[in-house]
Amino acid sequence: MTRQPTLARRAEELIDSAVVATAPVAGGDISTATKLRLSNGTTALMKTLNGAPDDFFPTEAAGLRWLGEVSDGVRVPEVLAVEHDCLIIAWVETGRGGADDAADLGQRLARTHLAGATSYGGEVDGYIGRLPLPNGAAPTWAEFYATRRLLPYAKLAHDRGAMTDTESASIDTLVGRLSGLLPEESPARLHGDLWNGNVLWGQEGQVTLIDPAAYGGHREVDLAMLALFGLPHLPRVMEAYEEVSPLADDWEDRLGLHQLFPLLVHACLFGGGYGARAAATAARYC
């Protein structure tokens, strides 16, 4: 590890430790990630993003803290410092996860969901990737999912040329049926962006979740995203989840409904075939 003076000085302004060395961390799709070795013997991760909105990193930090309030829930990194231009969190040393680790994750995720939220949505809007994430409250999950998750991103995908008129219309058609397709539950405390890349299989079974887009929503959203992008030992995760908090009947049949949101987000961000895939998924429920 070498030492990037500008980053090191900025970190030292925010945390009570000198930065001995820094090293770039590969894999971040949005922010620049830097590993910090501190004089107190610990290691941290610093995230920066040129031109980030002033609330970008504070919103992520608030999500980590909200998830971390559940003492027996999912593990998240400790927030060491946050400002408009950066976020510093405790470093997570990764290892190889096994079935027992997956079971622990499933149970912890269930307990986090059960901790709940005051409403569907959140106190403030957030971000999903680089995109704004509207979190204004709605009285039912069907209404929230339609007006805060499906319609805004279908429109944006269409505006960006990632969905045709016909593909976009399939989302509109589905929205009119959502109230009869989605069971109502009390709002769960969601990670909100729970794909495989945000699950770190830490050493000694310490599975840790990172990069949340946290809000109050239907718990099947987190589970659908895990299934969409794949997770090692997912059947064991789900088995352990249901030991703590059984899911409503036919939840597996609704996975596609709740996978529409991340598919539309990917259509907005990456284009390609995600818009067509979202439309085909919506058509299955119409």
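Values below: every heavy atom of this structure, side chains too, minus hydrogens, waters and symmetry copies.
- Exactly one residue among Val175, Leu260, Leu181, Thr140 makes a side chain to side chain contact (heavy atoms under 4.5 Å, CB included) with Tyr145. That residue is Leu260.
- When side chains are defined from C-beta on, Leu247 counts as touching Leu223, because their heavy atoms get closer than 4.5 Å.
- A salt bridge links Arg3 with Glu12: at least one charged nitrogen is closer than 4.0 Å to a carboxylate oxygen.
- Between the side chains of Arg219 and Ser245, at least one donor N or O lies within less than 3.5 Å of an accepting N or O.
- Side-chain contact between Leu131 and Leu156 is present, with heavy atoms from C-beta onward closer than 4.5 Å.
- Between the CD atom in Gln203 and the OG1 atom in Thr94 there is a gap of 7.0 Å [rounded to 0.5 Å].
- Put simply, the side chain of Leu67 reaches to within 4.5 Å of the side chain of His191, judged on heavy atoms.
- In this structure, Arg236 does not pair ionically with Asp100, as no charged nitrogen and carboxylate oxygen lie closer than 4.0 Å.
- Remark: Asp249 does not engage Arg254 in a salt bridge, criterion side-chain N to carboxylate O under 4.0 Å.
- Annotation: side chain of Ser31 is in contact with side chain of Phe57 (closest heavy-atom distance under 4.5 Å).
- Put simply, the side chain of Pro212 reaches to within 4.5 Å of the side chain of Leu64, judged on heavy atoms.
- Two residues are said to be in side-chain contact when any heavy atoms from C-beta on lie closer than 4.5 Å; Thr22 and Lys35 fail this criterion.
- Side-chain contact annotation: Glu184 with Tyr120, donor-acceptor N/O pair under 3.5 Å present.
- By the 4.0 Å N-to-carboxylate-O rule, Glu143 lies too far from Arg148 to be salt-bridged with it.
- Contact annotation: the side chain of Leu200 never approaches that of Gln206 to less than 4.5 Å [non-hydrogen atoms, C-beta and beyond].
- His266 pairs in a ring pair (Phe, Tyr, Trp, His ring centres under 6.0 Å) with only one of the listed residues (Trp195, Tyr153, Tyr274), which is Tyr274.
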